[in-house]
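One structure is given here, and the rest of the page talks about it.
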Amino acid sequence: DSSGVVNTEEVEFISIWLRAKYADTLRETKKGATDEDFELLGDKFHTWVRNNSHKKMNLVKPKDYKNLILSEMTKVTDLYLRIKEYSENLTEGYEEVFYNANRDLNYQIMLILSTVCNDDSKDIIDKKITDIRLKYVEDNDEEATQAGKGSVELIKKLRETPELGYPMYGPLINTVTRGARLKKFYLRSAATGVGKTRAMIADACNFACDEIYSEKEGKWIPNCTKEPTLFITTEQELDEIQTMMIAFLSNVDEEHILTGEYLEGEWERVLYGAELLSKSPLYIQCLPDFSLQDIENTIKKGIRDHDVKYCCFDYIHTSMKILSEVTSKTGVKGLREDNILFMISIRLKDLCNQYGIFILTSTQLNADYVSAQQYDQNLLRGAKAIADKIDCGMIMLEASQEDLTTLDPLLKKEGFETPVIKISIYKNRRGRYKSVLLWCKANRGTCRIEPMFMTNYQYQMIPVEDLIINIKQEIKSAF
């Protein structure tokens, strides 16, 4: 460059290349140790090359220098740029390279370059990328397990204790999901105003509060046990969440709570609901501008301080802080929204597995939902790849006039109320029901959305029984 300005990216590339190929020694950790190959090939690589060109790089004849630049450097440059592309953009078949690059695993490129030879074919290089990813980056060095090992004990255990989780709120939803299962990650997305936050509040209260007011019975009824639950809100204030929770528990419209105008008996129910909430192991954390580390730290703190087993995160979206965090870690500016959202979903699923907890979250929908006939991950705003990591995927939508017209004969025949909301189940790992719709009555004022019946996407009714999950003792977390 005639300007004399050093291109730091080029310097970084040359340093990584030379370290990967020629660094044989590393400085010892003891006090007073001197720099060795690895350290010297940092920003002073030109001096190291001058001193070691014959001995360590085998550069003796003019053709050796020619091969270094025209052959080795060219091949390494192509591979370096390829791995950088995989690291910065989610690429099918190389998703783990992107994931690892954004988890502070900074030596991934160097490790891959160190294994590749000048005469390697593309197929061999692809295999080496996979080998490095598995062996060095993901630490996946466990031996394969014989398929039948422990299988008899497994099926006996499932016969005695079926794979069920703590019940979610409402009829039929537990038939579909088998409850909120520990180590599972559920996503329930919706367009603005449909009620994704209110539905999540209903589930959080259902997990953590041992009483709920029943409109049908006209009294407070027992509601299983009290499970430690964390509700993370990214957009609303504490008091906004509290009034919705009290509205749900007491079955009093939130508007009455906000205006202070109550019908007969409602004030007493609201007071009791507030007292019930104050005694429950339900914790609210506000994260208006969050990073990946903030999410992880908040959930870990909930586990450490309150033994949280159930976490509701409202909701997955980008923020200024997370953009800054990812840019700082990767050195990449302008990272696409889909990449960032995918990173959040990966981190949440990791936390489920690592700490044996259940996480429920949500996303907004893109504009395609208005005319869609298939309600699946393609409607998720920002990144359909979010759905890759979830165990159960749901989309909540308003029931349209076209829906109601088509359903009219069924509603009259079966005597169902007119549904307000439909919930599409588009993904359901280890579940029987998917590509189905749950048709719901809904009172958003009390945060109660209750499925009534199920159909396929062609509006044909699917007979299904409501699964009642009885909790007799505390569910143990897996960590």
Side-chain angles (χ1 to χ4, degrees), residues 103-104 165-169 179-188 197-212 223-246 248-249 273-317 319 321-322 325 343-362 389 391 447 471-479:
R103 294 194 71 190
D104 297 327
Y166 201 89
M168 302 178 74
Y169 177 72
R181 293 167 288 153
L182 297 178
K183 302 185 79 171
K184 304 303 179 186
F185 178 31
Y186 292 5
L187 178 70
R188 185 170 53 206
T197 296
R198 293 177 182 270
M200 193 177 294
I201 280 174
D203 284 319
C205 291
N206 204 58
F207 298 149
C209 302
D210 60 357
E211 285 185 82
I212 183 175
N223 188 51
C224 300
T225 59
K226 294 194 266 189
E227 295 300 317
T229 302
L230 176 63
F231 189 96
I232 302 174
T233 174
T234 62
E235 289 191 341
Q236 294 174 303
E237 301 291 333
L238 173 63
D239 61 345
E240 293 178 296
I241 301 299
Q242 288 176 317
T243 54
M244 285 189 279
M245 287 181 170
I246 294 170
F248 169 77
L249 291 171
E275 293 173 2
L276 186 67
L277 188 62
S278 67
K279 298 175 183 177
S280 70
L282 178 53
Y283 308 94
I284 302 171
Q285 179 68 54
C286 300
L287 284 180
D289 188 22
F290 58 88
S291 66
L292 284 170
Q293 196 60 53
D294 289 337
I295 297 171
E296 184 168 347
N297 290 343
T298 298
I299 293 175
K300 285 181 178 179
K301 190 174 189 301
I303 294 171
R304 183 178 65 249
D305 294 350
H306 307 296
D307 193 28
V308 162
K309 299 186 184 73
Y310 299 86
C311 178
C312 299
F313 180 69
D314 184 31
Y315 61 100
I316 293 179
H317 61 96
S319 69
K321 193 170 183 180
I322 201 169
E325 175 192 37
M343 288 163 59
I344 298 175
S345 67
I346 289 172
R347 187 66 59 90
L348 291 175
K349 179 57 180 177
D350 282 351
L351 291 169
C352 287
N353 291 332
Q354 186 176 356
Y355 295 103
I357 63 173
F358 168 81
I359 295 180
L360 170 66
T361 190
S362 60
K389 294 297 177 181
D391 296 288
C447 304
I471 306 297
K472 295 183 179 179
Q473 60 184 6
E474 184 180 8
I475 296 176
K476 300 295 184 183
S477 64
F479 80 101

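Side chains included, hydrogens not; waters and symmetry mates left out as well; all remaining heavy atoms used.
The two residues Phe248 and Ala202 have their closest heavy-atom pair at CE1-CB, 3.5 Å. The minimum heavy-atom distance linking Leu277 with Gln242 is given by the pair CD2-O, 4.3 Å. Nearest heavy-atom pair across Ala208 and Ser280 is O-CB, 3.5 Å.
Using a 4.5 Å heavy-atom threshold, the side chains of Met168 and Asn206 count as separate. Side chains of Thr361 and Ile344 form no contact here, defined as non-hydrogen atoms less than 4.5 Å apart.
Atoms SG and CD1, from Cys205 and Ile212 in turn, are 8.0 Å apart once rounded to the nearest 0.5 Å. Separating the CD1 atom in Ile357 from the CD1 atom in Ile303 is a distance of 4.5 Å, to the nearest 0.5 Å. Cys311 contributes atom SG, which lies 9.5 Å from atom CD1 of Ile295 (distance to the nearest 0.5 angstrom). To the nearest 0.5 angstrom, Met244 atom CE is 5.0 Å from Arg198 atom CZ. Annotation: the span from Cys312 atom SG to Ile232 atom CD1 amounts to 9.0 Å, rounded to 0.5 Å. Annotation: the span from Cys352 atom SG to Asp391 atom CG amounts to 7.5 Å, rounded to 0.5 Å.
Proximity of a side-chain donor or acceptor of Asp307 to a complementary backbone N or O of Pro228 within less than 3.5 Å is not detected. At least one donor-acceptor pair under 3.5 Å links the side chain of Lys349 to the backbone N or O of Lys183. Side-chain N or O atoms of Asp314 include none that pairs as donor or acceptor with a backbone N or O of Thr197 at under 3.5 Å.
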Can you check side chain to side chain contact (heavy atoms under 4.5 Å, CB included) on Leu360 and Met200, steps first, answer last? CA-CA 8 Å; Leu360 170 66; Met200 193 177 294; 4.0 Å; yes

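Contacts classified as salt bridge (Lys or Arg N to Asp or Glu O under 4.0 Å) and involving residues 199-212 (residues at least two apart or in different chains) are given here: Arg188-Asp203. For residues 283-294, the set of pairs meeting the salt bridge (Lys or Arg N to Asp or Glu O under 4.0 Å) definition, not counting sequence neighbours, comprises Asp294-Lys321.
Residues forming a side chain to side chain donor-acceptor pair (under 3.5 Å) with Glu235 (at least two apart in sequence, or on another chain): Tyr315. For Phe290, the ring-ring contact (aromatic ring centres under 6.0 Å, His included) criterion is met by Phe313, His317, not counting sequence neighbours. With sequence neighbours excluded, the residues forming a side chain to side chain contact (heavy atoms under 4.5 Å, CB included) with Asn297 are Gln293, listed by chain and number. With sequence neighbours left out, Thr233 forms a side chain to side chain contact (heavy atoms under 4.5 Å, CB included) with Phe231, Gln236, Ile241, Ile284, Cys286.
In Lys300, the NZ atom is crowded: over 12 heavy atoms of neighbouring residues, nucleotides or ligands sit closer than 6.0 Å.
Between Tyr166 and Phe358, the gap from one ring centroid to the other reaches at least 6.0 Å.
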